[in-house]
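Before any comments, here is the structure.
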Amino acid sequence: QKEVEQNSGPLSVPEGAIASLNCTYSDRGSQSFFWYRQYSGKSPELIMSIYSNGDKEDGRFTAQLNKASQYVSLLIRDSQPSDSATYLCAWAGGTSYGKLTFGQGTILTVHP
Amino acid sequence: EAGVVQSPRYKIIEKKQPVAFWCNPISGHNTLYWYRQNLGQGPELLIRYENEEAVDDSQLPKDRFSAERLKGVDSTLKIQPAELGDSAVYLCASSASFRGGGELFFGEGSRLTVL
């Protein structure tokens, strides 16, 4: 089993819709979870971090963490074409102490 | 504040040739990472430095890859000899936290093509 698995893509949503990105992880010792966005040809940039069970909202972005189910998700409300990118989930802690382990990424396309 | 600086941005070499990548992290960031990203995949850690010490190099192919971080600032990643499978983007990142994880700041990457 891969350490981090993201829902298969690519994901295409219309402008204004909610985009839902999901990630499951295998290490129960994982403590910290992150969502990075990577535009084509660019480097990853952090958009959300979450450490506790529940939801964390930041503008149009909501991260959700369920440690019991080993599941983390990212919701993007009112999706915009500028949100089109690859979204990488990552985790730290447990066997990944001191580093970030990334999923393979989900390509999101928001079409007008 | 200047971000993470990497060079070269692009490099095309023939197999069996050597290549080196350079990284200058954000000032004050003690933790430096080298990741490799293959097309369509997430970044994979090659090596992590805390100051000048390599604290995690378990994923570094040591038969052909080497890295150094002199004086705990700049870092160089070398491949010798390069193989076709080494074609990828090599990303350098730095962070302020000595515990790692958290927010990593990435450079623009060095795209390597091995012919």
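Per chain, numbering begins at 1; letters A, B, ... match sequence-line order. Everything numeric in this text was worked out from a predicted model, so none of it was measured.
- For residues 106-114 of chain B, a heavy-atom distance under 4.5 Å to chain A picks out B:Phe106, B:Gly107, B:Glu108, given by residue number.
- Taking both residues in full, the closest heavy atoms of A:Gly105 and A:Gln6 are given as N-OE1, 2.9 Å, listed atom of the first, atom of the second, then distance.
- B:Gln37 touches chain A through its side chain: at least one heavy atom from C-beta onward sits under 4.5 Å away, while N, CA, C and O do not.
- For A:Glu15 (side chain) and A:His111 (main-chain N/O), no donor-acceptor pair under 3.5 Å exists by modelled atom type.
- The ring of A:Phe102 has its center closer than 6.0 angstrom to the ring center of B:Tyr35.
- For chain B, no part of A:Glu45 is nearby; none of its heavy atoms comes within less than 4.5 Å.
- For A:Thr106 (side chain) and A:Tyr87 (main-chain N/O), no donor-acceptor pair under 3.5 Å exists by modelled atom type.
- Taking the six-membered ring where the residue is Trp, the centroids of A:Phe33 and A:Tyr25 are separated by under 6.0 Å.
- Under a 3.5 Å cut-off, the side chain of A:Tyr36 and the backbone N or O of B:Leu104 do form a donor-acceptor pair.
- Residue B:Phe105 does not touch chain A at all, counting heavy-atom pairs closer than 4.5 Å.
- Salt-bridge check for B:Arg48 with B:Glu50: passed, with a basic side-chain N closer than 4.0 Å to an acidic carboxylate O.
- Annotation: residues 63-73 of chain B contacts chain A through no residue [non-hydrogen atoms, separation under 4.5 Å].
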